[in-house]
Amino acid sequence: MTRQADVANNLEAVRNRIAVAEARAHRPPGSVRLVAVSKKMPAEDVVAAMAEGQQDFGENYAQELRDKLGETQWLGQAQGLARPAQWHFIGPLQSNKAKYVAGQAALIHSLDSQALLDEVNRRVPEGQTQACLVQVNVAGETQKRGVSPDELPAMLDHFALCPRLICLGFMLIPPMSDDPEQSRPHFRALRALLEQHAQLNRQQVQLGQLSMGMSHDLEVAVEEGATLVRVGTAIFGPRPAPFAVVS
C-alpha cells in the first residue's frame, strides 16, 4: 500500500468514527471539525490528506508551522489542489515564537496567560483579527499549561485590551489515560465552563468552540460537545522518535 493510500484509509476511518459519535450523541452530521495533527510529519503527508479533502491541520511547534505552511502550499499547487490548508497552532506557545504564529494560523488553540495575549495581539498584522482559544487546565495538573477555572474570568476580560484578537472558545488536554472514559469528566467540565461564560457579554469574546479529544478519546469528546477534535496518530501513524506520543 502506498503512503497516499494509507493516509486516505486512515482519514476515512477517523471520519467514520466522528460520524458515528455524532449520531450517537444526536448531533448534526458535520458539527465536529477534524484537525489533522501533522507535527513532525513530512509535508507530503499533509498534501496526501489534502488530496482527500482534509483542510484543517494542527502543528505544535511555531517554526515547524512556519516552514510547513510554505512547503505544503507549494506542493499542493504543484499537484493541482485548489484549496490551501487551514493551519491550527495547538502546542504551547512561547512569547518569542509568537511572530511565527500570529496572523498565520487560522486558529490558535493554546493561549494561557495575559502576557501571551498581549504579545500575540502585538504581532498580529494591522487590519487582521486572530482567532484564538484559551487553554484551560481543568484537572489542575502542575506539569501542564493552561489557566485554572478560577483564573478564566480575568483571562477572558483581558481580551478587551487586545483588539486584534477574538476568543472563540476553550481547549484542554486531559490527564493521560488508556481509558477514554477517564477523559469524560474533564470534557464535561470544560463544556460547563463554556456554557457559563457564554452567558456573559465580553469584548472580543464570542464563545462557541470546544477543542478537545484526540486519537484515543475522540468519541467521548464528541459526545461531550467538542466542536474540534485534534487527531494525529490515527491518521498519520506513530511519529518518529522521540516524538512518538499519542495525540
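On a predicted model such as this, the values are computed, not experimentally measured, just so you know.
Looking only at side-chain heavy atoms (C-beta outward), C167 and L207 come within less than 4.5 Å of each other. At least one side-chain heavy atom of V229 sits less than 4.5 Å from a side-chain heavy atom of V222. Contact annotation: the side chain of R239 approaches that of K39 to within less than 4.5 Å [non-hydrogen atoms, C-beta and beyond]. Taking the side chain as every heavy atom from C-beta outward, M155 and H158 never approach each other to under 4.5 Å. Under the 4.5 Å side-chain criterion, counting only non-hydrogen atoms from C-beta, D157 is in contact with R202. Using a 4.5 Å heavy-atom cutoff, the side chains of V231 and S215 are in contact. The shortest distance between side-chain heavy atoms of K144 and I173 falls below 4.5 Å. Side-chain contact check for L228 versus L107: some heavy-atom pair is nearer than 4.5 Å.
Rounding to the nearest 0.5 Å places CZ of R123 at 12.5 Å from NZ of K97. Within the model, atoms CG of D45 and CZ of R3 stand 4.0 Å from one another, a figure rounded to the nearest 0.5 Å. Atom CZ of residue F57 and atom CD1 of residue I235 lie 8.0 Å apart, to the nearest 0.5 angstrom. If you take CD on Q143 and CE on M176, they are separated by 10.5 Å, rounding to the nearest 0.5 Å. S177 contributes atom OG, which lies 9.0 Å from atom CG of D217 (distance to the nearest 0.5 angstrom). In this structure, L172 CG and H109 NE2 are separated by 12.5 Å, a value rounded to the nearest 0.5 Å.
Judged by distance alone, the side chain of D112 and the main-chain N or O of V134 form no donor-acceptor pair under 3.5 Å. Within the 3.5 Å criterion, the main-chain N or O of N9 finds no donor-acceptor partner in the side chain of E12. In this structure, E22 contributes its side chain and R27 its backbone to no donor-acceptor pair below 3.5 Å. In this structure, Q63 contributes its side chain and Y100 its backbone to no donor-acceptor pair below 3.5 Å. Here the side chain of S38 pairs no donor or acceptor atom with the backbone of M41 at under 3.5 angstrom. Side-chain N or O atoms of N10 include none that pairs as donor or acceptor with a backbone N or O of V7 at under 3.5 Å.
A donor and an acceptor atom, one from each side chain of R145 and S110, are nowhere located under 3.5 Å apart. Using modelled atom types, one finds a donor on one side chain and an acceptor on the other under 3.5 Å when comparing D56 with H88. Q54 and E52 form no side-chain donor-acceptor contact under 3.5 Å, judged by distance and modelled atom types alone. In summary, the side chains of Q209 and T227 do present a donor paired with an acceptor at a separation below 3.5 Å, with no hydrogens or angles considered.
Closest heavy-atom contact between V47 and G76: CG2-N, 4.1 Å. Smallest separation of non-hydrogen atoms from T129 and L165: CG2-C, 4.3 Å. Closest non-hydrogen pair, A43 versus L75, comes out as CB-CD1, 3.8 Å. Here the closest non-hydrogen pair linking L190 and M171 is CD2-C, 4.0 Å. The two atoms that bring N121 and P163 nearest to each other are OD1-N, 3.4 Å, heavy atoms only. The nearest pair of heavy atoms linking V101 to A62 is CG2-CB, 3.7 Å.
A cation-pi geometry, defined here as NZ or CZ lying under 6.0 Å from the six-membered ring centre and within 45° of its normal, does not hold between K68 and Y61.
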Dump the intermediate steps for side-chain contact (heavy atoms from CB on, under 4.5 Å) on L117 and C162, then the final yes or no. CA-CA 7 Å; L117 289 185; C162 301; 4.0 Å; yes
Applying side-chain hydrogen bond (donor to acceptor under 3.5 Å, both in side chains), run through R164 and Q130 and close with a yes or a no. CA-CA 6 Å; R164 296 181 185 180; Q130 175 65 63; over 6 Å; no
Between Q206 and I166, does the side-chain contact (heavy atoms from CB on, under 4.5 Å) criterion hold? Intermediate values first, please. CA-CA 7 Å; Q206 298 178 11; I166 183 166; 3.6 Å; yes
Please step through side-chain contact (heavy atoms from CB on, under 4.5 Å) for the pair L34 and L218, ending with a clear verdict. CA-CA 10 Å; L34 171 61; L218 70 86; over 6 Å; no
Would you check, one step at a time, whether the test side-chain contact (heavy atoms from CB on, under 4.5 Å) holds for S211 with R230? CA-CA 7 Å; S211 172; R230 313 180 304 272; 2.8 Å; yes
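A chain of hydrophobic side-chain contacts below 4.5 Å, direct or via other Ile, Leu, Val, Met, Phe, Trp or Tyr residues, connects W74 to L69.
More than 12 heavy-atom neighbours from other residues, nucleotides or ligands sit within 6.0 angstrom of CG on N16. Residue-environment remark: CD (E126) stays at or below the threshold of 12 foreign heavy atoms within 6.0 Å. Within a 6.0 Å radius of CD in Q196, more than 12 heavy atoms belonging to other residues, nucleotides or ligands are found.
Salt-bridge check for R17 with E219: passed, with a basic side-chain N closer than 4.0 Å to an acidic carboxylate O. With respect to the salt-bridge test (charged N to carboxylate O, under 4.0 angstrom), the residues R191 and E224 qualify.
Taking R122 as the reference, E119 meet the salt bridge (charged side-chain N to carboxylate O under 4.0 Å, His left out) condition, with sequence neighbours excluded.
Under the 30°/60° scheme for interplanar angles, the aromatic rings of F170 and H197 are found to stand perpendicular.
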